[in-house]
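I have placed the structure first, in the form of structure tokens, so that the comments after it can refer back to it.
Note that the numbering runs from 1 along the sequence shown for the chain.
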Amino acid sequence: MDRLLNPQNWMELGLATGGAFLLLFLAFVPLEKLFPARANHRILRKEFWTDVGFFLGQYFLWNALILLALTWLALAVRWSVPDSLRETVVGQPYWLQFVEMLFLSDLCVYWGHRAQHRFDCLWRFHSVHHTAETVDWLAAHREHPLDGLYTQVIANLPALLLAFPLETIAGFLAFRGLWSIFIHSDVRIPLGPLKYLIGSPAMHHWHHEKHRHHACNFANVSPLMDILFGTHYLPNDKHPEKYGIIEPVPRSYLGQMFYPFLRGFSRRTSRPSMDIHPQMNAD
């Protein structure tokens, strides 16, 4: 409690948050200017300050609470991991640990993400992320904290269950966080044949398209899961014209924080059916 009330700690957190924002701004804004997916891309676009609010909320408060929850979960599942398995994992080269964790995490994220679009109890929180009508590096931070907690637990569950070393998990968290920002960025970078192996902004932007996002591109690091399970959609590396969701939602930061609780659990959303199975387009 003393640390929570210490003004110096809040000042240090504020400086760290400001530094993170500046570094990401300097990294992604030039990238979006040099390789824009849309000709009318603007930095101070509509709802820019709303997404700044989401960014500050994540870095000031929610990330620390999510990290605390993951730490508790790691302690809770430690008893379920045999010592022999832990020793085997730790004894592997770092690069192999990373590849294993990436594959297992992508598998869990894919199905966990599909569940977020299938079940109303999950969609009510995940829909906040899809309210962005402009998708770029900053919109990647538009996320309800409970939805963020769900995603982080799903993504890191294999690493926790298999007792990957802390340094491997830390590196993976940093990589996945930056990758998530990249695939939301307003960037057009043709990947050629690599588009079947590496996720891209073009691929993920179709997941945010206003009428298609419930049926395609649930993976983010690699499209392999979408290709394998028939939900891959990427028409000629193009980007969609319209983003957002069909249902009316509050546009302010606080409004979207409370929106999932005010909807009422019995209310169903007007969203496209998950029975849609887009055909894979390789052109």
Note: [X]-[Y] ion pair, threshold 4.0 Å (strictly below):
X	Y	value
Glu241	Lys210	no
Arg42	Asp136	no
Glu47	Arg251	yes

Report whether Val135 and Val128 are members of the same hydrophobic cluster (ILVMFWY, side-chain heavy atoms less than 4.5 Å apart, transitive linking).
no

To the nearest 0.5 Å, atom CG of Asp51 lies from atom NZ of Lys46 at 12.0 Å

Tell me the closest heavy-atom pair linking Leu191 and Ser200, and the distance in Å.
CD1-CB, 3.7 Å

Closest non-hydrogen contact found for Val221 with Phe175 is CG1-CE2, 4.2 Å

Identify, with sequence neighbours excluded, every residue that meets ring-ring contact (aromatic ring centres under 6.0 Å, His included) alongside [X].
X	result
Phe21	Phe55, Trp137
Phe35	none
Phe164	none

Geometric class of the His113/His130 ring pair [parallel <30°, tilted 30-60°, perpendicular >60°]
tilted

Fit a plane to each ring of Tyr233 and Trp206, take the angle between them on a 0 to 90° scale, and name the class: parallel (under 30°), tilted (30 to 60°) or perpendicular (over 60°).
perpendicular

Flag for Glu100-Trp95: side-chain donor and acceptor within less than 3.5 Å
no

Polar side chain donor-acceptor pair, His129 to His184, under 3.5 angstrom:
yes

Got Leu224 and His232 here, is their nearest side-chain heavy-atom distance under 4.5 Å?
no

